[in-house]
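Structure first, commentary second.
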There are 2 protein chains.
Amino acid sequence: MNPTHNRKKDMTRDQIVRAAIQVFGGKSYLEANISEIAQKAEVAEGTIYQHFKNKEDLLFFIPRERTAAFCEGLELHLQGIQDASNKLAKFAWYYLYFFKENPEYARIAMLELRVNKNFQKTKGYRLFRGWSDALLDIIKEGQEEGTIRADMDPHIVQELLLGVLEHYVTRWLLKDEKWDLLEFREHAVDLVLNGIRARDVQGTKGEAARKEKPSEITSSQKKTFKNKQMV
Amino acid sequence: MNPTHNRKKDMTRDQIVRAAIQVFGGKSYLEANISEIAQKAEVAEGTIYQHFKNKEDLLFFIPRERTAAFCEGLELHLQGIQDASNKLAKFAWYYLYFFKENPEYARIAMLELRVNKNFQKTKGYRLFRGWSDALLDIIKEGQEEGTIRADMDPHIVQELLLGVLEHYVTRWLLKDEKWDLLEFREHAVDLVLNGIRARDVQGTKGEAARKEKPSEITSSQKKTFKNKQMV
DNA sequence: TCCCAAAACTGAATAGCATTCATTTTTAAA
DNA sequence: TTTAAAAATGAATGCTATTCAGTTTTGGGA
């Protein structure tokens, strides 16, 4: 009952979790094995089962700590930004920045947790997705401000942004982090925020928008992407 | 050497693959077991290992057949559509339609293959991503036509669209297919094609665009999405 | 400082599942 | 009908998560 009571236990649990992040982050869930985690954590294999029900339970525990770190950083980075669009841009930047800085956790989050049906039911998942409410609020704020299209359900917009960001991180991981995750941020975010269709569809001005920038940027970028085998 | 030689073998292989789609499509790769696949395919467990190196090899073989079916259907559905934007919209529809009709394969493709690093190196992967070149061509076509923003690398646009579509399918699967995958198509595609930011940013017309549609649609949709727990 | 009961930890034993392989059955050309 | 090669079989193997009976550590009380 006394807070000192579980201090020792907590320390070993932390050791186990830290080792688990390393091991799960370095290979797939299947390839990772408990014995290696135990060795890295300097505990017996049996000890792990005193802290976690099983291998999956250990995996699902991982996001708790990192989500807290993510949220703290997010809050800090959004401070002082007024406009919703700028907040969204900053959010996208921070999201990519965070996973770039935490590649082991990124692999666990994107390649294991994100597609695991069982994870959806856990406590860790609620934390993992908890901050996405904040994103929703920013979108609503932008719709009220008039800087974000109001004829769309904010949930759809939220899904769009998350989908794109998660997709980019996933592709980056699968390509062995060969390219810089932040390099594409500006273009991708610009696309999401501005849309890909030329400006003459709903609008009244046709030709002007159409020919905005011909192709200098395009052609030079094409080469970059080809080399880096993004797809 | 004679084509008749392997006919029998091919038949059992097909049986195994069909059983594998059912079993892998019903539970996770980890939870699925070879014995169940063997039982469903009405062969001995050992037989599977005469056709496939191991469990993973069997999983990776699955997309070969379905990718062909996907491409055939895609080609058919794009026929007769001239405009690149319409083609993209049709592509998005077909993509979602295909996975809606093939939920077992969808689970295998989105929740297992898509995030598997080893899969990226296989023959099956090249087929799996092969059709995405067609998508790229449509985007380039649209840029030349002037219907799609030309100041963007088409690869980025391609990633955006694929990312959003894959994300929607993934979320749908994780939520037990509770909602209709096609229900969100129009809005999501519209967002991708038109962008989420209000039209007054680059343009010259400010206030007019801002207030386009106030919020009737928004509020009614909000309810829908809340109930369906999309996020 | 020593005692001891509860809390933690340990690692050998167990169990489940993928994979192997020696053997049997089937195939189809001669 | 014969027979050698091709396929199929399933019991045996090995690997790894999980269990559990036993050992060590902890920390409050005498």
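Each chain gets a letter, A, B and so on, in the order the sequences are listed, and its residues count up from 1.
For A:Thr47, the side-chain atoms get nearest to C:dT10 when compared with the rest of D:dA17, C:dT10, C:dA18. For A:Asn54, whose side chain is taken as the heavy atoms from C-beta onward, the closest listed nucleotide among D:dT9, D:dT18, C:dT10 is D:dT18. Closest to the side chain of A:Lys55, out of C:dC9, D:dA8, D:dA17, is D:dA17. Comparing D:dA8, D:dA17, C:dC17 against the side chain of A:Asn33 picks out D:dA17 as the nearest.
Taking the six-membered ring where the residue is Trp, A:Phe61 and A:Phe52 present perpendicular rings, their angle passing 60° and hence far from 30°.
The residue among A:Leu30 and A:Gln50 whose nearest nucleotide of DNA chain D lies closer to the 5′ end is A:Leu30. Summary of the strand contacts: A:Glu45 and B:Ala44 both lie near DNA chain D, and taking for each the nucleotide with the nearest heavy atom, the more 5' one is attributed to B:Ala44.
The interatomic distance linking A:Phe52 (CZ) with D:dT19 (P) rounds to 15 Å, in whole Å. The CD1-P distance, from B:Ile34 to D:dA12, rounds to 20 Å in whole Å. Atom CG of A:Asp57 is separated from atom P of D:dT19 by 11 Å (rounded to the nearest Å). When rounded to the nearest whole Å, the span between CD1 of A:Ile37 and P of D:dT18 equals 10 Å. What separates CD1 of B:Ile16 from P of D:dA8 is a distance of 7 Å, to the nearest Å. When the C1' atom of C:dC17 is taken as reference, atom OH of B:Tyr29 falls 12 Å away, rounded to whole Å. Remark: P of D:dA7 and CD1 of B:Ile48 are 16 Å apart, rounded to the nearest angstrom. One atom, CG of A:Leu59, and another, C1' of D:dA17, lie 14 Å apart when rounded to the nearest Å.
With respect to A:Lys100 and A:Glu177, no salt bridge is recorded, no charged nitrogen being found less than 4.0 Å from a carboxylate O.
Close placement of the A:Phe128 and A:Phe119 rings is indicated, their centers lying within 6.0 Å of each other. In this structure, B:Phe184 has its ring center under 6.0 Å from that of B:Trp179. The six-membered or imidazole ring of B:Phe91 lies near that of B:Trp131, with a centre-to-centre distance under 6.0 Å.
In terms of phosphate contacts, B:Tyr49 brings no side-chain nitrogen or oxygen within less than 4.0 Å of OP1 or OP2 of C:dT20. The side chain of A:Thr12 places no N or O atom within less than 4.0 Å of a non-bridging phosphate oxygen (OP1 or OP2) of C:dA8. Contact between the side-chain N/O atoms of A:His51 and the OP1/OP2 oxygens of C:dA8 is not found at any separation under 4.0 Å.
Looking at heavy-atom distances under 4.0 Å, B:Ala32 makes contact with sugar-phosphate atoms alone, never a base.
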